[in-house]
2 protein chains.
Amino acid sequence: MAGVTLRIGELSRRTGASPRALRYYEEQGLLTPDRRPGGYREYTERDVVTVRHIRTLLAAGLGTVAIAEVLPCAITEEGELLPACPELVTGLTVERDRITGSIGELQQALGLLETIITRWSEQAPAKASL
Amino acid sequence: MAGVTLRIGELSRRTGASPRALRYYEEQGLLTPDRRPGGYREYTERDVVTVRHIRTLLAAGLGTVAIAEVLPCAITEEGELLPACPELVTGLTVERDRITGSIGELQQALGLLETIITRWSEQAPAKASL
DNA sequence: GTTGACTCTGACGTCAACGTGAGGCTTTAG
DNA sequence: CTAAAGCCTCACGTTGACGTCAGAGTCAAC
């Protein structure tokens, strides 16, 4: 297989994460790229996927510590690793429920905003254009 | 009409917001309670609803500044106030779309976690893929 | 071999929504 | 009246995920 490696800038472009963010993820143990002789980080295609997972979970309110525990179980392009996951499942269930709750809150907020928007759209001497 | 006023502690208990948070909301112009001669804040039943709206919108990722603009239009138990809302509607639309996007992200995260949870709960590390 | 884009390692700055005392009034119970 | 809650106003501390320099090394091209 081709060892097509990416440098940090390219990975950044392909994931939307800033170089600083990528270094931060590494600092938190979420990524462990190889290094070139000169010290440059070498990322793989796999890391592209991983970073997207990281961002998804961050957006869902998980902290880097929690993500660090989840990632080894999520990698599975070809399931292989079997970390300690009994305790993990309970933790994940908690997170899942929290996220479900968050979605509910967001939908409430949506309802609130929708109400306001439609009310004011309908009764304003509309100047409805951008 | 009953002038049933609440002090900060009571409002705190009824909304889940800490007293510090309630003072912060006031500082940000989201609440403007009257004061007793002694300086104590006097909240009304209306404020209970308002605080819940605030928390909902905060949970949805709106900042206090944005909320300050929305609240006057949201109070309406009996529609009365008419602030400057033409520009507001566009802003709200933006926020609404952002929230919709957030919900999508959360659902993605949910999918990820569900996958992991069910896979490990079934305890048969079968070969799954993403 | 030199430019210029890219990357490296620190290390301090940021921002929002509060937390957390410090020190001192106000109100309520008895 | 006194004591205990409860509340007041500063004002600095916290947390997480980065932003933003500074100073220096690396790499591909010309």
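To find a chain, count down the sequence lines: A is the first, B the second, and so on, and within it residues start at 1. This one's a predicted model, so the numbers in the text were calculated from it and none came from an experiment. Side chains are part of it too, since the values below use all heavy atoms of this structure and drop only hydrogens, waters and symmetry mates.
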Between the base of dT20(D) and the side chain of R20(A), is there a donor and acceptor pair under 3.5 angstrom? yes
Can you check the R35(A) CZ to dT26(D) C1' distance for me, whole Å?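 Interatomic distance, CZ of R35(A) to C1' of dT26(D): 13 Å.
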Applying a 4.0 Å non-hydrogen cut-off, can you work out what I54(A) is touching in the nucleic acid: base, sugar-phosphate, or nothing? nothing
Map R36(A) and Y25(A) onto DNA chain D by nearest heavy atom, then report which one ends up closer to the 5' terminus. Y25(A)
What residues form a salt bridge (Lys or Arg N to Asp or Glu O under 4.0 Å) with R13(A), not counting sequence neighbours?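 Only E10(A) meet the salt bridge (Lys or Arg N to Asp or Glu O under 4.0 Å) criterion with R13(A).
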Whole angstroms only, please: what is the CG-P distance between L31(B) and dA17(C)?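 Interatomic distance, CG of L31(B) to P of dA17(C): 14 Å.
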Please tell me which of the listed nucleotides, dC18(C), dC7(D), dC18(D), lies nearest to the side chain of S18(A)? dC18(D)
Expressed in angstrom and rounded to an integer, what is the separation of E42(B) atom CD from dT26(C) atom P?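 My rounded result for the distance is 15 Å.
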Distance check needed: dT27(C) C1' versus L6(B) CG, whole Å only. 16 Å
Go through the N and O atoms of the side chain of Y24(A) and the base of dG19(D), and report whether any donor-acceptor pair is under 3.5 Å. no
Could you tell me how far apart L58(B) (CG) and dA16(C) (P) are, to the nearest whole angstrom? 12 Å
Taking any heavy-atom pair under 4.0 Å as a contact, classify I67(B): base, sugar-phosphate, or nothing. nothing
Looking only at N and O atoms, is any donor in the side chain of R23(B) or the base of dT9(D) less than 3.5 Å from an acceptor on the other one?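 For R23(B), whose side chain was compared with the base of dT9(D), there is no donor-acceptor pair (under 3.5 Å).
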Looking at D47(B) and T44(B), would you say the former's side chain and the latter's main chain have a donor-acceptor pair under 3.5 Å? yes
For R7(B) and for A21(B), locate the closest nucleotide of DNA chain C by heavy-atom distance; then report the residue assigned to the nucleotide nearer the 5' terminus.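 Result: A21(B).
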Quick one: E27(A) CD to dC8(C) P, roughly how many Å, whole number? 13 Å
Look at the side-chain N and O atoms of T64(A) and state whether any lies under 4.0 Å from the OP1 or OP2 oxygen of dA17(D).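 Yes, within the criterion.
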Between the base of dC8(C) and the side chain of Y40(A), is there a donor-acceptor distance below 3.5 Å? no
By nearest heavy atom, map R13(B) and R41(B) onto DNA chain D; which one lands nearer the 5' end? R13(B)
Where do Y43(B) and V51(B) land on the side chain to side chain contact (heavy atoms under 4.5 Å, CB included) test, with the steps shown first? CA-CA 11 Å; Y43(B) 296 98; V51(B) 170; over 6 Å; no
How many whole angstroms separate atom CZ of R55(B) from atom P of dA16(C)? 18 Å
Answer yes or no: is there a donor N or O on one side and an acceptor on the other, between the side chain of R98(A) and the main chain of A60(A), under 3.5 Å? yes
